[in-house]
Amino acid sequence: MTESLPFLAGGGEAARMIAERDWSDHPLGPPQTWPESLRTALSLILNSPESMILAWGPDLHFFFNDTYFPLLGPRLSWAMGERFDRVWADGWDQAKPIIDDAFAGRSRRFEDLPWKLATDRGEAETWWSFSYSRVLDGAGRIAGLFIFTNETTKRVRTEASQRDSETALRRSESLLSATLEGLPVGVIIADAEGRIVRDNPANREIWGIPPETASWAGYGDWVGYWPETGERLRAEEWGMARALLNGEIVRGELVEIERFDGAGRRLFLNNAAPIRDGAGRIIGGVVAELDVTERIAVERRLRESEALARINAERVQLALSAGAIVGTWLWDLPTDRFTVDEAFARAFGLDPAHGREGLSLAQVVETVHPDDKAGLAEAINEAIVRGGAYAHQYRVRRADGRYYWIEANGRVDHAPDGTPLSFPGVLIDVEERRAVAEERDRAIVLLRRLNETLEEQVAARTAERDQIWQASSDLLAVADSEGRFVSLNPAWSATLGWSEAELTARPFLDFVHPEDQDRTRAAAAGLARGEMQLGFENRYRARDGSYRWFSWNTVPRQGLIYASVRDVTAIKEQAKALAEAEEALRQSQKMEAVGQLTGGLAHDFNNLLAGISGSLELMQTRIAQGRLKDVDRYMSAAQGAAKRAAALTHRLLAFSRRQTLDPRPTDVNRLVTGMEDLIRRTVGPTITIEVVGAAGLWPSLVDPPQLENALLNLCINARDAMPEGGRITIETANKWLDAHAARRHEVMPGPYLALCVTDTGTGMSPDVRAKAFDPFFTTKPTGQGTGLGLSMIYGFAKQTGGQVRIYSEFGEGTTVCLYLPRYHGEAEAPDSLGPLVDAPRAERGETVLVVDDEPTVRMLVTEVLEELGYTAIEAADSASGLKVLQSDVRIDLLISDVGLPGGMNGRQMADAARLSRPDLKVLFITGYAENAAVGNGQLEPGMAVLTKPFVVETLGLRIRDIISRG
């Protein structure tokens with residue numbers, strides 16, 4: 001379905017979701033109408049292997065790629081194209097300040113930021129590293145945000161878990177090691193991922209692993225065979241895997257393995273169980289292995305000899321569970337004749353010939369172990385009296401003089417009148433079986449001890465949890481659905497001064513600041529609906545009457561509300577203080593560059609003022625003398641000096657960062673050439689300046705004053721690194737960054753132009769180079785630098801869609817390169833300064849409203865307009881100007897000062913006028929254009945700025961350009 005939308009090609013499931021969604025009622029309209037900038041941005045994120053988001057337009061409509069799916073959880077089915085604040089409603093309070101900073105050009109990167117979200121794993125505390133950066137459209141306007149994100153939850157939790165468990169592990173390690181070493185049963189302990197972390201000598205003996213081997217690789221994809229079928233036993237079918245994956249307790253699983261040393265196969269009984277932490281999560285598993293190879297062989301031989309167990313014409317049917325047959329007997333009870341086979345006689349150390357002829361019971365019992373004789377006699381007598389099956393285990397002495405365990409199995413048959421007739425039976429060797437049973441019993445005891453140890457650890461964790469409740473500096477609480485606290489930890493009393501009894505006696509809303517109560521009720525209503533409340537903030541009244549700011553993370557469970565609350569009062573106060581300090585330092589740094597200029601510029605301004613004033617005096621003298629032919633020459637000199645003074649003023653406004661942000665297609669070579677004289681004056685005569693401009697340099701979409709400011713700051717830094725003088729080289733070049741180079745520079749692949757400043761100074765050490773872009777970091781003495789210069793250059797480059805890099809070796813000089821994205825189009829030419837008579841004339845009926853509180857400026861602008869054929873309307877303040885704009889008079893252009901009397905500034909007046917005239921074109925003229933006056937430094941379409949002082953030729957051209965632009 002994406003064939004008709006080429007920009008979705010290769011975008012996977014996310015592209016399919018875009019193609020199949022109904023966009024008919026969506027604010028963005030159908031994908032076929034989307035702007036090229038949106039299509040290009042979507043193509044980038046959909047084909048990225050990294051987890052990425054695109055938030056587009058003023059409402060931040062939400063797009064994402066396949067890699068981002070797991071983060072959305074229950075939102076996945078409806079999130080594509082929705083508003084950001086709806087998709088991440090539970091994280092919007094935390095995300096919005098970051099988004100506002102990104103739109104303001106303060107792109108930031110966050111490392112391991114905690115964020116509690118509803119994901120595909122349910123509601124979870126997660127950690128993320130991510131960055132926000134602006135997306136510009138083809139005209140250089142901010143169109144949206146790129147968000148790169150990477151989940152670091154696993155690493156953060158692993159580090160925390162390691163710290164928590166390290167102490168407990170050290171305590172139990174010695175006990176566990178001693179226990180495992182002494183076990184006669186093979187034991188394997190694995191972690192939650194199935195990796196073997198411990199085993200013991202008995203286990204290595206079963207598997208044939210040399211004792212000196214420090215570690216071994218494990219079992220691979222399969223661990224052995226099923227003895228019943230001979231089929232391979234896959235790793236996931238093994239008891240250990242089932243214990244880890246399903247939490248199963250496995251008992252008596254029989255498996256067959258091949259020894260690692262090639263010494264054949266072994267059979268063992270496998271008992272496995274999961275190991276759980278205090279929260280019931282599986283953190284590993286333990287398996288105990290009992291080698292039953294010989295026992296199973298005996299059982300197999302017994303089953304093969306089953307036919308021999310039928311005695312006296314199949315009158316006695318014996319079910320033998322284990323052991324080896326060592327003989328049979330037949331006791332004829334009426335005659336007391338006891339006949340045995342040869343194997344029986346040898347088992348009891350008797351003469352086989354006598355056994356065939358017949359023996360007495362006393363002769364047989366003579367070889368029974370003295371401790372077992374009484375029990376044997378009792379069992380025989382009991383069987384004879386009641387009849388039926390007989391089975392009894394005891395020890396007999398064989399010919400070698402040693403005692404062996406045997407099991408006698410038989411049956412006593414009675415006549416109809418109850419008289420005992422015959423007692424046939426069979427002897428089974430159970431020596432090995434009893435040994436195996438004893439080993440099994442010992443293993444069970446040891447496993448029970450291990451379980452007790454684990455239970456003790458669980459109990460210890462529970463106690464630690466209770467201690468955390470008591471000792472936590474965070475405020476922990478349980479509340480009911482009626483709005484009352486049920487349980488509080490001591491941190492509440494320590495923070496607010498109220499006792500627990502006072503806090504639980506009243507509804508918690510009684511303590512909430514009046515301005516926050518409505519929001520708190522709304523949050524409580526959400527909890528009643530089963531919704532988590534994460535990062536919710538309100539103010540609580542302390543006993544002393546002050547209020548503390550609290551940040552709540554709350555979860556509803558089974559009619560109760562569980563809350564973890566953090567006192568963020570100090571953080572808010574510090575953030576406010578820091579913001580104020582940052583702004584003061586930032587402005588100080590901005591003005592630092594102006595200070596660097598003043599020394600050189602003072603001389604130039606004095607010369608220019610002398611030229612202007614002198615020319616005006618001579619004009620006055622010559623007019624009085626009637627020598628009018630010299631007036632033109634003096635007028636040209638005065639005008640030239642005035643233009644140069646205006647240019648210098650514009651430079652100062654740019655460097656003080658009071659100019660309005662206005663990205664334009666810029667010829668960087670021409671910009672550098674225009675800056676060369678200012679740079680030479682600033683760095684002084686001991687520094688040689690060399691400019692190397694690349695031929696055919698691509699244009700870039702940047703704010704020229706910002707780029708000029710960045711270039712001047714780099715040159716000032718270079719000068720400071722060469723106190724004894726040296727050389728500064730300013731160089732431009734075209735660069736094409738492939739995927740590898742783009743990753744190294746942390747930008748998107750594609751064409752860039754590079755603006756590099758190289759000095760022959762002291763260079764930077766690796767430590768200094770690593771922190772050079774950090775805000776407020778400086779190597780200059782106190783009072784000589786704010787440490788914001790390179791930080792602001794870095795922010796400017798990232799805001800423009802580029803990057804800045806430092807190449808430096810200590811003692812070898814430094815090169816700083818700005819990488820700016822290529823603009824596909826022609827660079828704008830500078831404003832023409834041709835004669836006024838060459839400016840385009842007005843078309844019939846075109847009308848311009850001029851609003852300025854300075855009569856001289858109004859007179860000048862009105863004269864220019866009338867000279868070009870426009871109808872001019874004047875207003876001296878914003879109130880009278882707005883009255884004209886709200887009338888039915890034709891207005892093709894509004895020319896207004898930014899600072900105006902009358903209750904509103906020029907921008908506010910223009911915005912109010914656009915309510916009734918949405919297509920109104922506006923040209924602001926101002927001595928300095930503050931960002932706050934023109935909308936946070938961003939002009940809307942149809943608006944432009946011309947900075948005072950200006951020449952009338954430029955004014956005429958700008959008026960015609962704005963009206964004609966449409």
Side-chain angles (χ1 to χ4, degrees), residues 85 88-104 106-117 124-132 149 152-153 156-157 159-160 163 468-469 471-477 485 488-498 503 508 511-520 522-523 532-555 561-586 774-777 787-788 791 795:
D85 58 354
W88 288 116
D90 54 351
W92 180 244
D93 289 343
Q94 192 170 358
K96 187 174 184 306
I98 302 173
I99 292 172
D100 292 343
D101 281 352
F103 272 126
R106 299 186 292 273
S107 298
R108 299 164 63 190
R109 176 169 178 80
F110 296 85
E111 295 288 340
D112 299 336
L113 184 69
W115 216 315
K116 198 159 188 178
L117 298 174
E125 188 75 24
T126 60
W127 286 261
W128 303 90
S129 292
F130 56 88
S131 63
Y132 286 66
T149 182
T152 60
T153 303
V156 172
R157 285 181 172 169
E159 291 174 355
R163 290 192 298 270
I468 291 172
W469 173 272
S472 174
S473 59
D474 286 347
L475 289 74
L476 307 178
F485 289 120
L488 299 168
N489 74 333
W492 284 86
S493 296
T495 302
L496 295 175
W498 305 104
L503 289 167
F508 55 70
F511 299 95
V512 176
H513 193 286
E515 295 177 1
D516 300 340
Q517 289 196 0
D518 289 342
R519 294 190 302 106
T520 305
M532 292 191 305
Q533 298 292 328
L534 305 177
F536 174 78
E537 293 185 349
N538 63 5
R539 286 164 288 181
Y540 256 60
R541 187 177 76 256
R543 177 180 280 276
D544 61 8
S546 64
Y547 282 90
R548 309 292 297 176
W549 274 102
F550 284 173
S551 176
W552 296 71
N553 290 316
T554 51
V555 180
I561 298 170
Y562 296 86
S564 174
V565 187
R566 179 155 294 181
D567 183 353
V568 295
T569 307
I571 295 175
K572 284 187 170 290
E573 293 173 351
Q574 291 170 2
K576 180 180 178 181
L578 180 60
E580 294 173 351
E582 285 180 351
E583 180 59 29
L585 285 173
R586 192 181 305 277
D774 291 351
F776 312 112
F777 174 76
L788 287 171
S791 174

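- Applying the side chain to side chain contact (heavy atoms under 4.5 Å, CB included) rule to Asp544 yields the partners Ala542, Ser546; only residues at least two apart in sequence or on another chain are considered.
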side-chain contact (heavy atoms from CB on, under 4.5 Å) for Gln94 and Leu113? Distances and angles first, verdict last. CA-CA 11 Å; Gln94 192 170 358; Leu113 184 69; 3.8 Å; yes

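- Every salt bridge (Lys or Arg N to Asp or Glu O under 4.0 Å) that Asp516 has, sequence neighbours left out, goes to Arg519, Arg539.
- A search for salt bridge (Lys or Arg N to Asp or Glu O under 4.0 Å) contacts involving Asp93 returns nothing, not counting sequence neighbours.
- A distance of 8.0 Å separates CZ in Arg548 from CG in Leu496, rounded to the nearest 0.5 Å.
- For the residue pair Tyr547 and His513, the shortest heavy atom distance occurs at CE2-CA, 3.5 Å.
- The side-chain hydrogen bond (donor to acceptor under 3.5 Å, both in side chains) check on Asp474 picks up Arg566, with sequence neighbours excluded.
- Residues satisfying the ring-ring contact (aromatic ring centres under 6.0 Å, His included) test with Tyr540, not counting sequence neighbours, are Phe550, Trp552.
- Legend: residues meeting side-chain hydrogen bond (donor to acceptor under 3.5 Å, both in side chains) with Ser493, ordered by chain and number and at least two apart, are absent.
- With sequence neighbours excluded, the residues satisfying ring-ring contact (aromatic ring centres under 6.0 Å, His included) with Phe485 are Trp492, Phe508.
- Legend: residues meeting side-chain hydrogen bond (donor to acceptor under 3.5 Å, both in side chains) with Thr495, ordered by chain and number and at least two apart, are absent.
- Residues that satisfy the salt bridge (Lys or Arg N to Asp or Glu O under 4.0 Å) test with Glu537, not counting sequence neighbours, are Lys572.
- By the ring-ring contact (aromatic ring centres under 6.0 Å, His included) test, Trp127 is found to be paired with no residue, residues two or more places apart in sequence or in another chain being considered.
- Partner Phe536 forms a side chain to side chain contact (heavy atoms under 4.5 Å, CB included) with one of Asp90, Thr554, Val565, Thr520 and no other, that one being Thr520.
- Asn553 is linked by a side-chain hydrogen bond (donor to acceptor under 3.5 Å, both in side chains) to nothing, counting only residues two or more places apart in sequence or in another chain.
- Here Ser551 contributes atom OG and Leu475 contributes atom CG; the two are 11.5 Å apart, rounded to the nearest 0.5 Å.
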